[in-house]
Amino acid sequence: MDYKREIDHMRLRHEVTRDELEWLLELGDEPTEYLFQSAREVCDEIYGKKIYMRGLIEYTNYCKNNCFYCGIRAAHVGLSRYRLTNDRIMASVVKGYALGARTFVIQGGENPMDSDESILEMVRLIHDTYPNCAITLSIGERSKESYQKFFDAGASRYLLRHETGNRDHYNKLHPANMSYEHRVRCLFDLKDIGYQVGCGMMIGTPWQDVDCLYDDLVLIQELNPHMIGIGPFIAQSDTPFAMERGGTVDMTLKMIAILRLIHPKVLLPATTALATIDLQGYEKGILAGANVVMPNITPREVKGRYTLYDGKHGVDIESEEQIVELKTRIEDIGYELCIDRGDSLVE
């Protein structure tokens, strides 16, 4: 098979079949580099050499859920829990703004103690202080009514990873009280309200196969999100999946490139998880078609307690140091870490 012709064809038609996906994931070194080159060219044509920065604030590690892969699951009784006060959240926002962040991602577990009003207070405080900035929430499944309140208060983006587009696979990754249908409905509720919506999945989770990954692509095609966050599965030592093999750099980068070819205008992050399993993860992600990075501006004293997975990159360094380092590394590969909201061009 002429790999250049096949990849060029996918690039033109913005779609991939299940058999083509399997073929792409098995490509050798030379055709894989052509896949990455094609994805880079597509991204550069639309977004130029700009890499958008999001200031990530992990404001709480409380969570009511028991996802089998997650280190902040409710059953992790040995974890020291925290919920940042609004004053401490704002201190991180102020610091992040000074460092160039114009989008703030407020991320946390599904904290049963966080009422809608407490979230609204936090959103309003950030929005009133920096009305020119984008506020992204990533706080899990809520009612459509709650999502609407947050949107009306100033949150304009929402990240909710679907984790897998295959119902049977979802049920193997989550306890019986969690619903694939509800997760997907939340994503479409968010889109209906008017959020810029981000979905995403882990690469290399237990029982994941080509059919699961193709189901991800089908769901993403239907949702047409503004952002897709994907990273390798990394086991966490206090979960039921502690002994499971992790996802690979190669598979993750291929999925980033494939998604760039299928969804040219989508925002794609080079994730912290990718940087955790590969010292050059940020660079490799960008060179495979990613155009977003999310440096962690959470207060250093609690960073290490947001233990989604083992060995998380960046928990032992200050946010200033991480951003300066990221800027240099990104410039070294010919790109620019820009001071910009970085809105998605997906319509």
Side-chain angles (χ1 to χ4, degrees), residues 36-58 92-107 126-127 129-138 154-159 195-198 200 225-231 253 256-257 259-261 263-275 280-298 313-314 317-347:
F36 295 166
Q37 175 188 326
S38 300
R40 283 200 306 275
E41 290 172 355
V42 167
C43 190
D44 290 354
E45 286 168 5
I46 296 169
Y47 288 103
K49 294 291 186 178
K50 294 181 177 179
I51 304 300
Y52 298 118
M53 176 172 68
R54 280 71 168 103
L56 174 64
I57 303 172
E58 296 162 335
S92 292
V93 169
V94 170
K95 178 187 288 188
Y97 189 90
L99 292 169
R102 295 298 181 265
T103 291
F104 299 99
V105 179
I106 311 301
Q107 184 178 82
I126 299 170
H127 182 66
T129 307
Y130 294 112
N132 62 318
C133 292
I135 301 170
T136 304
L137 295 179
S138 182
S156 57
R157 302 176 184 169
Y158 204 104
L159 306 182
Y195 281 94
Q196 290 189 32
V197 175
H226 302 85
M227 176 176 170
I228 306 167
I230 62 172
L253 294 175
I256 289 173
L259 285 165
R260 175 59 68 198
L261 295 182
H263 301 277
K265 295 181 179 180
V266 80
L267 294 169
L268 281 171
T271 62
T272 302
L274 184 57
Q280 297 295 309
Y282 289 127
E283 291 92 335
K284 289 181 179 180
I286 291 167
L287 294 175
N291 65 333
V292 172
V293 291
M294 298 173 64
N296 194 330
I297 60 172
T298 307
H313 174 78
I317 60 175
E318 294 290 350
S319 50
E320 297 94 334
E321 181 183 347
Q322 184 181 16
I323 291 171
V324 169
E325 179 189 341
L326 262 178
K327 184 176 185 294
T328 300
R329 291 170 63 175
I330 288 168
E331 289 174 351
D332 285 347
I333 58 171
Y335 287 81
E336 170 198 0
L337 186 64
C338 64
I339 299 176
D340 195 295
R341 284 169 51 104
D343 288 299
S344 173
L345 299 178
V346 172
E347 298 173 356

Inset, instruction - Rounded to the nearest 0.5 Å, what's the gap from NE2 on H127 to CD1 on I135? Could you check? - result: 6.5 Å

Inset, instruction - Answer yes or no: is there a side-chain heavy-atom contact under 4.5 Å between H263 and V346? - result: no

Inset, instruction - Dump the intermediate steps for side chain to side chain contact (heavy atoms under 4.5 Å, CB included) on N291 and L267, then the final yes or no. - result: CA-CA 6 Å; N291 65 333; L267 294 169; 3.5 Å; yes

Legend entry - Check: G289 main-chain N/O paired with R260 side-chain donor or acceptor under 3.5 Å: yes

Inset, instruction - Work out which heavy atom in S344 is nearest to a heavy atom in K265; give both atom names and the distance. - result: OG-O, 3.8 Å

Legend entry - Candidate pair T136 and R54, rule side chain to side chain contact (heavy atoms under 4.5 Å, CB included), full reasoning: CA-CA 9 Å; T136 304; R54 280 71 168 103; 5.6 Å; no

Inset, instruction - Tell me, please, which residues at least two apart from E347 pass salt bridge (Lys or Arg N to Asp or Glu O under 4.0 Å). - result: none

Legend entry - Euclidean distance, L56 CG relative to S92 OG, rounded to 0.5 Å: 10.0 Å

Inset, instruction - Side-chain contact test, heavy atoms from C-beta onward, threshold under 4.5 Å: evaluate it for L337 versus V293 and give yes or no. - result: yes

Inset, instruction - State the CG-NZ distance between D340 and K50, to the nearest 0.5 angstrom. - result: 5.5 Å

Can you give each donor-acceptor pair under 3.5 Å made by side-chain atoms of residues 98-107, sequence neighbours left out, with the distance rounded to 0.1 Å?
| residue | atom | partner | partner atom | Å |
| --- | --- | --- | --- | --- |
| R102 | NH1 | Y97 | O | 2.8 |
| T103 | OG1 | R157 | NH1 | 2.9 |
| T103 | OG1 | R341 | O | 2.9 |

Inset, instruction - Could you tell me whether the side chain of E283 and the main chain of I333 form a donor-acceptor pair under 3.5 Å? - result: no

Inset, instruction - Could you check if a side-chain atom of H313 sits within less than 4.5 angstrom of a side-chain atom of Y282, using non-hydrogen atoms only? - result: yes

Legend entry - Shortest non-hydrogen separation from Y52 to G342 and the atoms involved: CD2-CA, 3.4 Å

Inset, instruction - Check whether any side-chain heavy atom of M227 sits under 4.5 Å from a side-chain heavy atom of P269, and report yes or no. - result: yes

Inset, instruction - Evaluate the criterion side chain to side chain contact (heavy atoms under 4.5 Å, CB included) for residue pair V94 and Y130; output intermediate values, then yes/no. - result: CA-CA 9 Å; V94 170; Y130 294 112; 3.7 Å; yes

Legend entry - 4.5 Å side-chain heavy-atom contact, L274 and I256: yes

Inset, instruction - Search all heavy atoms of G285 against all heavy atoms of A270 and return the closest pair with its distance. - result: CA-CB, 4.1 Å

Legend entry - Heavy-atom check, side chain of D44 versus side chain of K49, under 4.5 Å: yes

Legend entry - Distance-minimising heavy-atom pair for G48 and Y335: O-CE2, 4.3 Å

Inset, instruction - With the side chain counted from C-beta on, respond yes when Y47 and P264 share a heavy-atom pair under 4.5 Å apart, and no when they do not. - result: no

Legend entry - Nearest-0.5 Å distance, CD of residue E41 to CD of residue Q37: 4.5 Å

Inset, instruction - List the steps and the verdict of side chain to side chain contact (heavy atoms under 4.5 Å, CB included) for I330 and E336. - result: CA-CA 6 Å; I330 288 168; E336 170 198 0; 5.7 Å; no

Legend entry - Side-chain donor/acceptor of H226 to backbone N/O of V197, under 3.5 Å: yes

Legend entry - Under 3.5 Å: donor-acceptor pair, side chain of S156, backbone of A134: no

Inset, instruction - Please determine, by modelled atom types, if N296 and Q322 share a side-chain donor-acceptor pair under 3.5 angstrom. - result: no

Legend entry - Heavy-atom check, side chain of T129 versus side chain of V93, under 4.5 Å: no

